[in-house]
Amino acid sequence: MEYPGLLRYRGARHDGRCTGLLSTGETLGRRKGLWLDPGWYAARAFDRPAKECRRMMLSRYLEPHLRTVLTALGVDPAHPIPIEVPRQEGHGDLTTTVAMSLARPLQKAPRQIAEQIAEHLRTIPEITSVEIAGPGFINVVFDRTVFHQILRDLDAQSDAIGRSHIGQGRTVNVEYVSANPTGPLHAGHGRNCAVGDTVANLYAWCGFSVTREYYFNNAGNQMNKLGESILARVMQQLGQADWPFPDDGYHGEYIAEIAAQIVRHQRDAFEDLPAEDRHAFCRKAGETWCFASIQRTLERLSIRHDEFFNEDSLYTRGNVQSVIDALRDRGLVYEKDGALWFALEQLGNPQDKVIVKSSGEPTYRLPDIAYHRDKLERGYDLVVDIFGADHIATIPDVLAGVQALGFDANRVRTVIHQMVTFIENGEVVKFSKRSGTSFTLDELIDEVGADVVRFFFIMRAVGTHLEFDLSLAKEEGDKNPVFYLQYAHARICSILRKAADLGVSLDHATDVSVLRHPREIALIDLLGRFQSTVERACDQLEPQSVAEYLRELAAAYHLFYHDCRILGSEEPVQGARLLLADVTRRAMQNGLAMLGVGAPEQM
RNA sequence: GGCCUCGUAGCUCAGCUGGACAGAGCGACGCUUUCCUAAAGCGUGGGUCGGAGGUUCGAGUCCUCUCGAGGCCGCCA
């Protein structure tokens with residue numbers, strides 16, 4: 001057991017080990033909350049601690065030396081070595097707080113420990129200065145050659161800058177979108193689409209073998225409503241004006257359009273059907289139309305799934321029944337009030353839940369458990385769900401189910417994203433699927449473009465309510481954060497084009513030791529943190545940190561560009577700066593690719 | 001009744017898992033282009049991090065309580 005403690009509902013970012021929903025509580029029994037069973041632990045993408053996932057290139061020049069000196073001081077090798085990027089300028093290139101964290105175990109004053117560590121670090125040729133500040137911070141300044149080496153290392157990665165092999169040999173299934181075929185995707189679906197696809201991309205960039213899956217249900221009550229709604233419109237269009245429209249039916253314009261298509265192209269087939277088969281005919285026509293619509297929209301966002309999983313197959317293949325049987329074998333189901341209950345309290349969850357209603361119909365959690373068991377049986381090392389906040393309550397039940405069936409719930413990770421509010425000119429834009437005043441994802445893409453849609457939906461932490469400012473999104477100028485990133489990329493491309501025109505070609509063997517300007521160093525330093533940022537974003541399931549990083553990268557490049565003349569500088573300065581610009585371009589291009597955002601070569 | 005998430009600058013939000021005087025974008029005001037894309041850069045103003053306690057050498061970050069906003073559950077998915 002790597003992380004002892006009880007699992008409970010928790011926020012995403014307060015606990016280093018997981019994102020989304022579940023984390024380990026550290027103080028047993030003292031907190032309120034929804035407690036789950038001891039022995040359930042937050043799932044982690046990686047075996048190594050999160051601290052190491054975000055190790056940046058620069059810390060490779062510090063950490064081994066710290067480890068050496070700590071070992072000499074008799075420190076437990078398991079003691080973590082916190083290395084940080086100082087927030088404040090003048091506090092060095094890197095800072096470690098390890099002396100303060102050792103004060104207690106070593107029974108010594110932090111500054112005294114710091115002095116011993118500093119003494120050793122000062123003997124390292126690559127370290128220019130070591131200062132002890134405040135209560136025991138150790139601020140380290142590196143020789144500039146360290147940054148030059150980092151730049152050369154990055155350049156040697158060619159077009160793979162940012163790529164990681166941390167997930168090599170492992171498989172992950174990411175399930176997202178998963179909208180039922182009862183209508184076109186609405187604007188609010190966009191967040192699930194963008195977050196899910198970006199998460200899948202991040203896994204891919206971290207070396208995982210990724211399967212993108214879409215789960216749907218074409219057999220439920222909602223589908224019947226869709227069929228009835230279409231049938232009503234067809235009959236009305238065929239002249240039966242008084243044909244009743246179902247209560248809770250779908251009012252969207254697309255219903256009339258589907259009906260019109262049936263009337264136009266399949267009228268004979270429809271009219272030849274016996275009355276009792278017409279509903280099913282309409283339902284199937286609706287499903288086909290809706291899926292085609294959804295696929296078209298997803299394609300516009302460059303989203304392509306590998307697998308489409310039909311919930312109905314869980315019934316036809318007997319998976320649902322076998323879940324009931326398996327749970328019954330374990331004494332975890334019982335009958336009460338004519339319904340079948342899942343004894344969740346026995347598993348430490350707060351209440352038992354119904355899995356088969358007194359009507360004989362299963363509740364959603366039963367097929368959900370069967371579905372997750374199926375995914376785990378398919379052998380994925382990791383099964384990731386992207387859910388909206390309205391599904392938050394289902395997760396503990398599902399996890400309890402798969403755990404009870406003998407699977408490791410650690411293999412299931414969940415991203416819960418909050419709802420989206422659309423704002424235009426300071427006012428909330430209302431949309432509702434059933435009332436017919438829908439605001440479709442297609443319309444949103446029409447209005448602001450696919451790049452903006454994808455970026456806006458992932459630029460905020462998944463756990464926070466997202467305010468989508470349509471006015472800002474429509475701006476095609478400097479106010480729009482997407483263009484800030486794309487402009488940086490285009491600007492670099494422009495320079496490279498111009499350099500080529502002047503007969504200056506990129507020389508990977510150029511002498512980069514002339515790069516000494518603070519803007520140059522800062523840019524290299526930031527580039528050296530790209531890979532660890534990606535790894536962290538993947539591990540923590542926080543795609544917005546990549547967006548935040550790219551904003552910083554663009555800013556660092558613009559500063560460099562502003563202060564450091566590239567073309568026309570004397571060699572080897574020109575060549576070195578051109579190389580730095582090109583490495584930045586590759587990082588920006590890859591970063592935007594992870595987000596599914598285009599990297600234009602000119603704007 | 002129970003539970004979850006979120007409260008940080010006028011607005012929208014970051015904040016690297018507990019570190020040094022709290023950051024960015026937008027908005028406001030002022031400035032920079034004979035010069036590689038000004039879709040850029042620089043400066044000024046703006047915050048008792050919802051509130052109160054607590055743990056700690058140290059809290060926006062962890063704990064308790066509390067106020068506010070949104071959402072979920074108690075045989076719809």
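Letters go in sequence order (proteins before strands), and every chain restarts at 1. All values reported here derive from a predicted model rather than from experimental measurement.
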Exercise. Is there a donor and acceptor pair closer than 3.5 Å between the side chain of A:Asp563 and the base of B:rA40?
Worked result: no
For this session: Anything under 30° is parallel, anything over 60° is perpendicular, the rest tilted; go ahead and classify A:Tyr215 against A:Tyr371.
Result: parallel
Exercise. Any donor-acceptor pair under 3.5 Å linking the side chain of A:His489 with the backbone of A:Pro600?
Worked result: yes
For this session: Tell me, yes or no, whether the heavy-atom count around A:Asp247 atom CG, taken from other residues, nucleotides or ligands under 6.0 Å, exceeds 12.
Result: no
Exercise. Rounding to the closest angstrom, what is the interatomic distance between B:rA59 and B:rG53 at atom P?
Worked result: 14 Å
Exercise. What nucleotide among B:rG74, B:rA20, B:rA39 has an atom nearest to a side-chain atom of A:Arg365?
Worked result: B:rG74
For this session: Counting heavy atoms from C-beta on, name the nucleotide in B:rC36, B:rA39, B:rC75 closest to the side chain of A:Phe483.
Result: B:rA39
What nitrogen or oxygen pairs link the protein and nucleotides 26-31 of chain B at under 3.5 Å?
unit_1: B:rG27; atom_1: OP1; unit_2: A:Lys479; atom_2: NZ; d: 3.4

Using nucleotides 8-12 of chain B, report all nitrogen or oxygen pairs with the protein that are shorter than 3.5 Å.
unit_1: B:rU12; atom_1: O2'; unit_2: A:Arg460; atom_2: NH2; d: 3.3

Problem set entry | Under 3.5 Å: donor-acceptor pair, side chain of A:Asn180, backbone of A:Thr182 | no
Exercise. Which part of the nucleic acid, if any, lies within reach of A:Asp337 when heavy atoms closer than 4.0 Å are counted: base, sugar-phosphate only, or nothing?
Worked result: base
For this session: List for me each residue that meets ring pair (Phe, Tyr, Trp, His ring centres under 6.0 Å) alongside A:Phe387, sequence neighbours excluded, and say none if there are none.
Result: A:His391
Problem set entry | Same-atom distance (P) from B:rA14 to B:rU5, integer angstrom | 16 Å
Seminar exercise, completed: Per atom distances to the A:Tyr561 side chain, the nearest of B:rC36, B:rA20, B:rG19 is B:rC36
Exercise. Which part of the nucleic acid, if any, lies within contact of A:Asn139, taking any heavy atom under 4.0 Å across all strands shown: a base, the sugar-phosphate backbone alone, or nothing?
Worked result: base
For this session: Would you indicate, yes or no, if B:rC36 has its OP1 or OP2 atom less than 4.0 angstrom from a side-chain nitrogen or oxygen of A:Gln602?
Result: no
Problem set entry | P-based separation of B:rC21 from B:rG30 [nearest Å] | 35 Å
For this session: With pairs defined as Watson-Crick or G-U wobble and both distances under 3.5 angstrom, please note down RNA chain B as a dot-bracket string, | for pairing with another strand.
Result: (((((((..((((.....[...)))).(((((.......))))).....(((((..]....))))))))))))....
Problem set entry | Upstream residue (5' side of RNA chain B) when A:Ala555 and A:Glu361 are each assigned their closest nucleotide | A:Ala555
Seminar exercise, completed: Testing B:rC36, B:rA20, B:rG19 for proximity to the side chain of A:Ala133, the answer is B:rA20
For this session: Pick base, sugar-phosphate or nothing for A:Cys564, based on heavy-atom distances below 4.0 Å to the nucleic acid.
Result: base
Problem set entry | Rounded C1' spacing from B:rG18 to B:rU61 in Å | 7 Å
Exercise. Do A:Asp525 and A:Arg529 meet the salt-bridge criterion of a basic N to acidic O distance under 4.0 Å?
Worked result: yes
For this session: Could you identify which residues of residues 98-114 of chain A place a heavy atom less than 4.0 Å from some atom of RNA chain B, listed by residue number, or say none?
Result: A:Met100, A:Arg104
Protein N or O to nucleotides 21-23 of chain B N or O, pairs below 3.5 Å:
unit_1: B:rC21; atom_1: N4; unit_2: A:Gln88; atom_2: NE2; d: 3.0

Exercise. When the P atoms of B:rG70 and B:rC13 are considered, how many whole Å apart are they?
Worked result: 15 Å
Exercise. Under the 3.5 Å rule, do the base of B:rA14 and the side chain of A:Ser545 count as making a donor-acceptor pair?
Worked result: no
Problem set entry | For atom CD1 of A:Ile416 and atom P of B:rU5, their distance in whole Å | 11 Å
Problem set entry | 5' priority, RNA chain B, between A:Ser359 and A:Met419 [closest heavy atom] | A:Met419
For this session: Have a look at A:Glu476 and say if it touches a base, only the backbone sugar-phosphate, or nothing, with a 4.0 Å heavy-atom cut-off.
Result: base
Problem set entry | Whole-Å C1' distance, B:rU12 and B:rG58 | 31 Å
Exercise. Would one find a side-chain N or O of A:Tyr484 under 4.0 angstrom from OP1 or OP2 of B:rG41?
Worked result: yes
Exercise. Mind checking the C1' distance from B:rC36 to B:rG43? Whole angstroms is fine.
Worked result: 25 Å
Exercise. Choosing from B:rG19, B:rC76, B:rG41, which nucleotide comes nearest the side chain of A:Leu559?
Worked result: B:rG41
For this session: Could you check whether A:Pro481 gets within reach of a base, just the sugar-phosphate, or nothing at all, counting any heavy atom under 4.0 Å?
Result: nothing
Exercise. When you compare B:rG47 with B:rU8, how far apart are their C1' atoms, in angstrom units rounded to a whole number?
Worked result: 8 Å
Exercise. Are the ring of A:Phe137 and the base ring of B:rG19 both nearer than 5.5 Å at their centres and tilted by less than 30°?
Worked result: no
Exercise. Of all the choices, B:rA20, B:rA14, B:rC16, which nucleotide is nearest to the side chain of A:Glu548 once you look at every atom?
Worked result: B:rA14
